[in-house]
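Throughout, a chain's letter reflects where its sequence line sits, starting with A, and its residues are numbered from 1.
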Amino acid sequence: MLDRKLLRGEPDAVREACEAKREPCRIDEWARLDERRRGLLVQVENLRAERNTASELVAELRKKGQDAAEQIERNRSLAQAIKDLDEQLRNADEALESLELTFPNLPDADVPRGRDSSANLQLRAWGEPPDLGFQPRQHVELLGSLFDQDAAARISGANFILLRGECARLQRILISWMIDFHRRAGYEEIWPPFLALPSSMRATGQIPKLADDMYLIENDQLYLVPTGEVPLTNICSDTVLEETRLPLALTAYTPCFRREAGSYGRETRGLNRVHQFEKVELVRIERPDRSDKAHEEMVAHVESMLRALELPYRAMLLSTGDLSFAAARCVDLEIWAAGQGAWLEVSSVSNFRDFQARRARIRYRPSSGGKPVPVHTLNGSGLALPRLILALVENNQLPDGRIRLPAILAELMGAEFLIG
RNA sequence: GGAGAGGUGGCCGAGUGGUCGAAGGCAACCGCCUGCUAAGCGGUUGAGAGGGUAACACUUCUCCGAGGGUUCGAAUCCCUCCCUCUCCGCCA
């Protein structure tokens, strides 16, 4: 949600952002409604003030034992007028708010302008795509029975995954190792609920835009979380934090449920794009003036994790057209997958500035005193597991089909090879 | 799932339908006092949305879990819902 002062004062900036993110822009409609709402508000408040003083007068007359019938009669008509105006005001408020939920966040000024991912800017790269010296195979083939698509489909339908044996164990160990990796960097470990209320989804920005991409449990009106960002960020919703408590750094494992409506046929083979995947998420709640630094720290932190896993990667600053609805800036970390010969996104590290904080009402009280102000929220994956496993398998394959494990995982797994 | 209790300001806690945004206490902050500290004394300290201002000041309305209702007037009465706690049942 954008600041109303911004919507009033800089409608052109909002228009630009909508265009950049290819969102419909109803700022003019908003401005008319806002005007109307304020007019109504002044009217009701005046009537209310009138009623308040009149009611006091009634009390006073009564106390003196005088007749108050005339006052009461006047108040009765006031009450009706107030009720009518209140109704109009409530309608205006609702319309205004639902409009406000449709404005995307403004991209940072230095985010590359562009229509899609082709305009993304490569910031850094590390490692070389390995030259295997033979025709590399893809993960589905390499994993064989450790990746049981048939069973997954019988249990849950298309595009679910079922890992077996050492591959299942690898995923479990990776999750645990990643959480520890973050914990050592100062992140508090969280185990959150995996179902969330519509209000939580609205707070982080999944509703209304991405509502159709989420699983909804209709009986209870609960959504399955599409990312750990939802529960982690909402830990602080409706809260005024003391400045001394900032920053907050949180990490959690969650499954992520996504309907992926409309993306069938696109990179849906194997572990690329599935309805349920596992992810370890990072969230930070920061003082506004610190969020740029926090964002850089988060990107650097995730990069260090990729290096520990010996995965060649590149860091991409997303262009305006590739930026998500709620983000002001985002760095994607893409790892090389030798079998597919492609870069795969395994982490998006985003700064939402105060966009989510306004929706979720997460504020802090400055130590210097004064009103609570919205915090800045950030999040990043660290990391998404299926694509991570995919790349580990494809990059570390040997001509005979064996799969070597990078040193750190070899130690954790107690084996030099995943398949050997 | 059944029965009961309760949800009030940063926290605790009072509140006969009519100056109640809310007593009292704690905490925090600012003074005074004191050799220092403590104690004591005095004062200040909630949120949101408007108006107003260069910015303050000032000012209006709303908010006592949420939403309805009764009433001239609701923290206070009625209804619905949500949440917390206790006991019982069930269950991984």
Side-chain angles (χ1 to χ4, degrees), chain A residues 1-9 30-101 191-203 217-223 231 234-246 248 255 285 354-375:
Chain A
M1 196 136 53
L2 298 170
D3 189 356
R4 281 191 179 168
K5 292 202 177 79
L6 180 86
L7 292 170
R8 284 185 197 125
W30 181 89
R32 280 194 301 278
L33 253 173
D34 178 53
E35 196 76 23
R36 177 172 151 70
R37 187 194 79 99
R38 281 191 284 174
L40 286 169
L41 192 60
V42 171
Q43 281 184 61
V44 198
E45 287 190 357
N46 287 342
L47 289 185
R48 259 198 249 273
E50 209 176 313
R51 185 192 63 187
N52 289 348
T53 52
S55 286
E56 277 168 35
L57 193 57
V58 172
E60 227 171 279
L61 290 172
R62 283 265 169 92
K63 210 177 285 176
K64 288 190 212 151
Q66 295 175 3
D67 179 44
E70 197 185 317
Q71 286 300 325
I72 289 175
E73 196 42 52
R74 228 187 86 218
N75 257 12
R76 209 179 298 235
S77 61
L78 274 178
Q80 187 55 48
I82 288 172
K83 208 172 168 187
D84 293 346
L85 278 173
D86 254 341
E87 169 97 40
Q88 292 181 50
L89 187 62
R90 200 171 44 244
N91 290 340
D93 263 331
E94 273 168 26
L96 208 52
E97 208 183 301
S98 62
L99 263 185
E100 279 164 11
L101 291 175
W191 200 291
F194 300 154
L195 303 188
L197 295 165
S199 54
S200 301
M201 295 297 174
R202 199 172 306 116
I217 298 175
E218 284 191 26
N219 278 348
D220 301 283
Q221 286 296 305
L222 287 167
Y223 287 95
N234 275 291
I235 285 175
C236 300
S237 62
D238 262 312
T239 303
V240 179
L241 299 154
E242 291 303 325
E243 182 178 337
T244 52
R245 290 201 51 204
L246 298 178
L248 263 58
I285 309 288
D354 61 6
F355 188 83
Q356 292 180 328
R358 281 180 197 286
R359 290 180 168 231
R361 286 195 305 284
I362 308 172
R363 295 169 296 170
Y364 80 101
R365 186 185 308 282
S367 303
S368 57
K371 295 272 179 195
V373 299
V375 298

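For the pair A/N75 CG and B/rU70 C1', the computed distance is 16 Å after rounding to whole Å. Note: CG (A/L197) to C1' (B/rC81) measures 14 Å, nearest angstrom. If you measure from atom CG of A/D238 to atom P of B/rG9, you get 14 Å, rounded to the nearest angstrom. The CD atom of A/E242 sits 10 Å away from the C1' atom of B/rA28 (whole-angstrom rounding). Distance A/I82 CD1 to B/rU62 C1': 12 Å, rounded to the nearest Å. If you measure from atom CD of A/Q80 to atom P of B/rU71, you get 12 Å, rounded to the nearest angstrom. Rounded to whole angstrom, the span from the CZ atom of A/R51 across to the P atom of B/rG18 amounts to 16 Å. Per the geometry, CD belonging to A/E73 stands 9 Å off C1' belonging to B/rC72, to the nearest Å.
Atom CZ of A/R4 has more than 12 neighbouring heavy atoms from other residues, nucleotides or ligands inside a 6.0 Å radius.
Nucleotides B/rC91 and B/rC78 are separated by 38 Å at their C1' atoms, to the nearest Å. Distance noted for atom P between B/rA3 and B/rU8: 25 Å (whole Å). Straight-line distance between the P atoms of B/rG46 and B/rC87: roughly 39 Å, to the nearest whole Å. Nucleotides B/rC90 and B/rC81, compared at atom P, are 26 Å apart to the nearest Å. When the P atom is compared between B/rG69 and B/rC64, the two are found 15 Å apart, to the nearest whole Å. Here the separation of B/rG6 from B/rA55, taken at their P atoms, is 50 Å to the nearest Å. Rounded to whole Å, the C1' atom of B/rC83 lies 10 Å from the corresponding atom of B/rA66. Taking the C1' atom of each, B/rG15 and B/rC56 are spaced 36 Å apart, rounded to whole Å.
The shortest non-hydrogen separation linking A/A357 to A/P374 is CB-CB, 4.1 Å. Between A/R202 and A/R359, the shortest heavy-atom contact is O-NH1, 2.9 Å.
When side chains are defined from C-beta on, A/Y223 does not count as touching A/L195, because their heavy atoms never get closer than 4.5 Å. Residues A/C236 and A/L248 have side chains in contact (heavy-atom distance under 4.5 Å, counting atoms from C-beta outward). In this structure, A/I285 and A/L246 have side chains that are in contact, with non-hydrogen atoms separated by less than 4.5 Å. Between A/Q356 and A/M1, every side-chain heavy-atom pair lies at or beyond the 4.5 Å cut-off.
Close to B/rU60, at under 4.0 Å from its OP1 or OP2, lies no side-chain N or O of A/N52.
Within the 4.0 angstrom heavy-atom criterion, no nucleotide atom of any strand lies near A/N46.
With the 3.5 Å cutoff on both pairing distances, Watson-Crick and G-U pairs in RNA chain B assemble into runs of at least 3 at B:1-7 with B:82-88, B:10-12 with B:24-26, B:27-32 with B:40-45, B:46-51 with B:58-63, B:65-69 with B:77-81.
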Open item on the list: Run A/E73 and A/R76 through salt bridge (Lys or Arg N to Asp or Glu O under 4.0 Å) and show every step you take.
Closed with: CA-CA 5 Å; A/E73 196 42 52; A/R76 209 179 298 235; 3.7 Å; yes
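Nearest-nucleotide positions on RNA chain B place A/A49 closer to the 5' end than the other of A/A79 and A/A49. Between A/A59 and A/R48, the one whose closest nucleotide on RNA chain B sits nearer the 5' end is A/A59.
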TODO: Scan nucleotides 47-52 of chain B nucleotide by nucleotide, 5' to 3', and note B when protein non-hydrogen atoms come under 4.0 Å of the base, S if they reach only the sugar-phosphate, - if neither.
DONE: SSBSS-
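Under the 4.0 Å criterion applied to side-chain N and carboxylate O atoms, A/D34 and A/R38 are assigned as salt-bridge partners. Contact check on A/E50 versus A/R74 returns a salt bridge, with a Lys/Arg side-chain nitrogen under 4.0 Å from an Asp/Glu carboxylate oxygen. A salt bridge links A/D86 to A/R48: at least one charged side-chain nitrogen sits closer than 4.0 Å to a carboxylate oxygen. Ion pairing between a basic and an acidic side chain is recognised when a charged N comes within 4.0 Å of a carboxylate O; A/E35 and A/R32 show no such pairing.
Using modelled atom types, one finds no donor on one side chain facing an acceptor on the other under 3.5 Å when comparing A/D84 with A/Q88.
Scanning residues 85-92 of chain A for heavy-atom distances under 4.0 Å to RNA chain B yields A/R90.
Checking B/rG18, B/rG69, B/rU60 against every side-chain atom of A/K83, the shortest atom distance belongs to B/rG69.
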